[in-house]
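As structure tokens, the structure follows; a few thoughts come after it.
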Amino acid sequence: MLGLGMDELDEDEDEQIEVNGVPFSANKDFLVKYGTAYSLTFGENREVVLSPVEG
């Protein structure tokens, strides 16, 4: 799971990453599977879009 880093981390299972200066908390298994590189943009209706960066 990947979510905004506003909640307290479970130190055994979670890590905190930053995307464009915004903190996110993520399960370590999620990061191993999907990576740590993401881009943060706004969609056409001003919704927040978090997308993986390929490379």
Side-chain angles (χ1 to χ4, degrees):
M1 178 174 88
L2 179 66
L4 285 173
M6 298 165 54
D7 295 326
E8 196 167 320
L9 295 177
D10 178 346
E11 293 180 16
D12 293 333
E13 296 184 16
D14 296 337
E15 289 188 25
Q16 187 168 23
I17 62 171
E18 280 196 23
V19 179
N20 294 11
V22 179
F24 287 87
S25 59
N27 183 281
K28 289 178 184 177
D29 292 336
F30 178 92
L31 295 175
V32 168
K33 186 173 182 177
Y34 298 106
T36 59
Y38 294 88
S39 67
L40 186 62
T41 58
F42 290 99
E44 60 185 53
N45 294 322
R46 302 204 35 90
E47 72 275 8
V48 175
V49 178
L50 186 67
S51 305
V53 175
E54 295 182 32

- Query: Taking all atoms of both residues into account, what is the closest heavy-atom pair of Leu40 and Asn20, and its distance?
  - Reply: O-ND2, 3.3 Å
- Message: Using every non-hydrogen atom in the two residues, find where Tyr38 and Leu50 come nearest and quote the distance to one decimal.
- Response: CB-CD1, 3.8 Å
- Item | Asn45 (side chain) donor-acceptor with Glu47 (main chain) under 3.5 angstrom | no
- Message: Distance check, rounded to the nearest 0.5 Å: Gln16 atom CD versus Leu31 atom CG?
- Response: 11.5 Å
- Decide whether Phe24 and Val49 are clustered together by the hydrophobic rule: side chain heavy atoms of Ile, Leu, Val, Met, Phe, Trp, Tyr closer than 4.5 Å, transitively. no
- Within-4.5 Å side-chain heavy-atom neighbours: Val48 and Phe42: yes
